[in-house]
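Notes for the one structure printed next.
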Amino acid sequence: QVRLVESGGGLVQAGGSLRLSCAASGRTESKYTMGWFRQTPGKEREFVAAISSIGGSTYYADSVKGRFTISRDNAKNTVSLQMDSLKPEDAAAYYCAAKLISGAYYFPHNYAYWGQGTQVTVSS
């Protein structure tokens, strides 16, 4: 089992920045691909970014490319999402997730473990 706890959400003005963190505990083998997803009420969970097990590869949704940066520190069992130039449409609950099996990194069903989420609100 892997337990994931997100932090860092909050209220920010459009154009501002936030840094989300995800702390992992339990079976925190660094071989997990880690991802961030977001969800707004009434919509499906949406892929935001992912990072490979050793951090050599990163992947981003087109909507956040160039504005968000995902990183991980395997020694500290943390994954971060630096969000810059935030837009009102970035407002959502953000979830950290861990994937062990093969499969598309952007598909939420490939992720076995999820955090409880942290809310990001962007005012215009």
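Just so it is clear, the model here is predicted, and its values are computed rather than measured.
- Side-chain contact check for Ser80 versus Arg72: every heavy-atom pair is 4.5 Å or farther apart.
- Lys99 is not listed as a side-chain neighbour of Tyr32, based on a closest heavy-atom distance of 4.5 Å or more.
- In this structure, Tyr60 is a member of the same hydrophobic cluster as Val122, with clusters built from ILVMFWY side-chain heavy atoms closer than 4.5 Å.
- When hydrophobic clusters are built by joining Ile, Leu, Val, Met, Phe, Trp and Tyr residues whose side-chain heavy atoms come closer than 4.5 Å, directly or via intermediates, Val48 is grouped together with Leu20.
- There is a path of hydrophobic side-chain contacts, each under 4.5 Å, that joins Leu81 to Val12.
- Salt-bridge formation is not detected for the pair Asp90/Lys87: no Lys NZ or Arg NE/NH1/NH2 atom is positioned less than 4.0 Å from an Asp or Glu carboxylate oxygen.
- You'll find the side chain of Glu46 reaches within 4.5 Å of the side chain of Ser63, heavy atoms only.
- In this view, Tyr94 and Arg38 satisfy the side chain to side chain donor-acceptor pair (under 3.5 Å) rule, not counting sequence neighbours.
- Between Phe107 and Phe47, the distance from one ring center to the other does not fall under 6.0 angstrom.
- The same ILVMFWY cluster, assembled from side-chain heavy atoms under 4.5 Å apart, contains both Val79 and Tyr113.
- Heavy-atom contacts from other residues, nucleotides or ligands closer than 6.0 Å to CD of Glu89 number more than 12.
- You'll find the side chain of Trp36 reaches within 4.5 Å of the side chain of Cys22, heavy atoms only.
- A search for side chain to side chain donor-acceptor pair (under 3.5 Å) contacts involving Asp73 returns nothing, not counting sequence neighbours.
- Considering only heavy atoms from C-beta on, Trp114 stays 4.5 Å or farther from Glu6 through its side chain.
- Tyr111 places a side-chain N or O within donor-acceptor distance of the main-chain N or O of Tyr105, the cut-off being under 3.5 Å.
- When all heavy atoms are compared, the tightest approach of Ala98 to Leu4 is N-CD1, 3.8 Å.
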*Walk me through it: do Met34 and Cys96 pass the test side-chain contact (heavy atoms from CB on, under 4.5 Å)?*
CA-CA 7 Å; Met34 300 298 295; Cys96 174; 3.7 Å; yes

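- Note on Met83: it clusters hydrophobically with Ile51, by side-chain heavy-atom contacts below 4.5 Å among ILVMFWY residues.
- Checked by atom type and distance alone, the side chain of Thr121 never pairs as donor or acceptor with a backbone atom of Leu11 at under 3.5 Å.
- Summarising the geometry of Ala23 relative to Thr78, their closest heavy-atom pair is CA-CG2, 4.4 Å, with the distance given to 0.1 Å.
- Residues Phe68 and Ile70 form no side-chain contact, since every pair of their non-hydrogen atoms from C-beta on lies 4.5 Å or further apart.
- A 6.0 Å sphere centred on OH of Tyr106 holds no more than 12 heavy atoms belonging to other residues, nucleotides or ligands.
- With values rounded to the nearest 0.5 angstrom, Ser53 atom OG is found 10.0 Å from Lys31 atom NZ.
- Side chain of Gln1 to backbone of Gly26: no donor-acceptor contact under 3.5 angstrom is found.
- Contact annotation: the side chain of Ser17 approaches that of Asp84 to within less than 4.5 Å [non-hydrogen atoms, C-beta and beyond].
- Take Arg3 and apply the side chain to side chain donor-acceptor pair (under 3.5 Å) test, not counting sequence neighbours, and it matches no residue.
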